Amino acid sequence: MRLDRFISNTTDHSRKSVKALLRQGLVRVDGTTVSDPALKVRPGQTVTIADETVAPAGPRYFMLHKPLGYVCATRDNRHPTVIDLLDEPNKDKLQIAGRLDIDTTGLVLITDDGQWNHAVTSPRRACHKVYRVETADNISPDTSVRFSRGVLLDGERQRTRPATLELLYANEALLTLQEGKYHQVKRMFAAMGNRVTALHRESVGAITLDPDLEEGEYRPLTPCEISSVTLSAEHSNPLSKTEN
Ligand code: URA
């Protein structure tokens, strides 16, 4: 990888400011001062800026406990974003893997690995998402069967994929979805004549929101959590291969 790109990917420096660092003679590769931004950096080489080693940038994966009032967007003029909650360099490279509404709380996955993001969000991969739902009215007895058969949402031509509803209280349930249509949970309950009053995402695939994370807190995913997405997505939907 080009030296200027390597440094800008790994630090908060832009390609332009990297050029200034190179001109000032602050950059070394394996101990030798370099000035060429196009120099190729090979794996295993050590790059330093003012004697500080630049860590190689591997892909990053985080889970965040989204609070109410935050939007799942990289930028927003009116509301704080989930990205604002991260204290990380190069935040512009991070993507949100599956958005939640401003009034939904719970698990949000954030990464700069585009393929991994795709594995989480692609409808073909059918990564299951579990939501805890509270509703205005009691959940009617036929809701579970209707959700398992799929419901036709307002404005859609195809039914939702089979979803599992586990009733916890008269107006509270766990709902497991295999897809993530726009406002899907709220629209599914609206189709039943009910209204969602609180919504919280507990898990995505095999990744469950860490109970130690307070609202607004985040942590890196463990290697197991990271690899679970591709594995569970490949195995969880036998239809995915034939759909292509
Ligand atoms: N379904 C919704 O209606 N809202 C969300 O935030 C997530 C799923």
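One-based numbering, in listed order, for ligands and for the atoms of each. Quantities reported herein were computed from a predicted structural model and do not represent experimental measurements.
- The protein heavy atom nearest to atom 4 (N) of ligand 1 is D101 OD2, 2.7 Å.
- Near L100, meaning under 4.0 Å from any of its heavy atoms, are these atoms of ligand 1: 6 (O), 7 (C).
- When only modelled atom types and interatomic distance are considered, Y218 and E88 share a side-chain donor-acceptor pair under 3.5 Å.
- Ligand 1 has an N or O atom lying under 3.5 Å from an N or O atom of K186, backbone or side chain.
- Near Q184, the atoms of ligand 1 lying under 4.0 angstrom from a non-hydrogen atom of the residue are 1 (N), 2 (C), 3 (O).
- A search for side-chain contact (heavy atoms from CB on, under 4.5 Å) contacts involving R2 returns D4, R5, R15, P37, A38, K40, not counting sequence neighbours.
- Using a 3.5 Å distance cut-off with no hydrogens or angles, the side chains of S8 and H13 do not pair a donor with an acceptor.
- Remark: minimum distance from atom 1 (N) of ligand 1 to any protein heavy atom is reached at V185 N, 3.1 Å.
- At a heavy-atom distance under 4.0 Å, only side-chain atoms of L199, from C-beta outward, approach ligand 1.
- Listed by atom number, the atoms of ligand 1 under 4.0 Å from T104 heavy atoms are 4 (N), 5 (C), 6 (O).
- One N or O on the side chain of T111 and one on the backbone of R60 form a donor-acceptor pair closer than 3.5 Å.
- Residue-to-ligand polar distances keep Y131 apart from ligand 1: every N/O pair is separated by 3.5 Å or more.
- In this model, a donor atom of one side chain and an acceptor atom of the other lie less than 3.5 Å apart for D142 and S140.
- Under a 4.0 Å criterion applied to the non-hydrogen atoms of H183, ligand 1 contributes the atoms 1 (N), 2 (C), 3 (O).
- Among pairs with a residue in residues 66-81, those fulfilling side-chain hydrogen bond (donor to acceptor under 3.5 Å, both in side chains) read T81-D84, at least two apart in sequence or across chains.
- Ion pairing of K129 with E202 is absent here, as no side-chain N (NZ or NE/NH1/NH2) approaches a carboxylate O to less than 4.0 Å.
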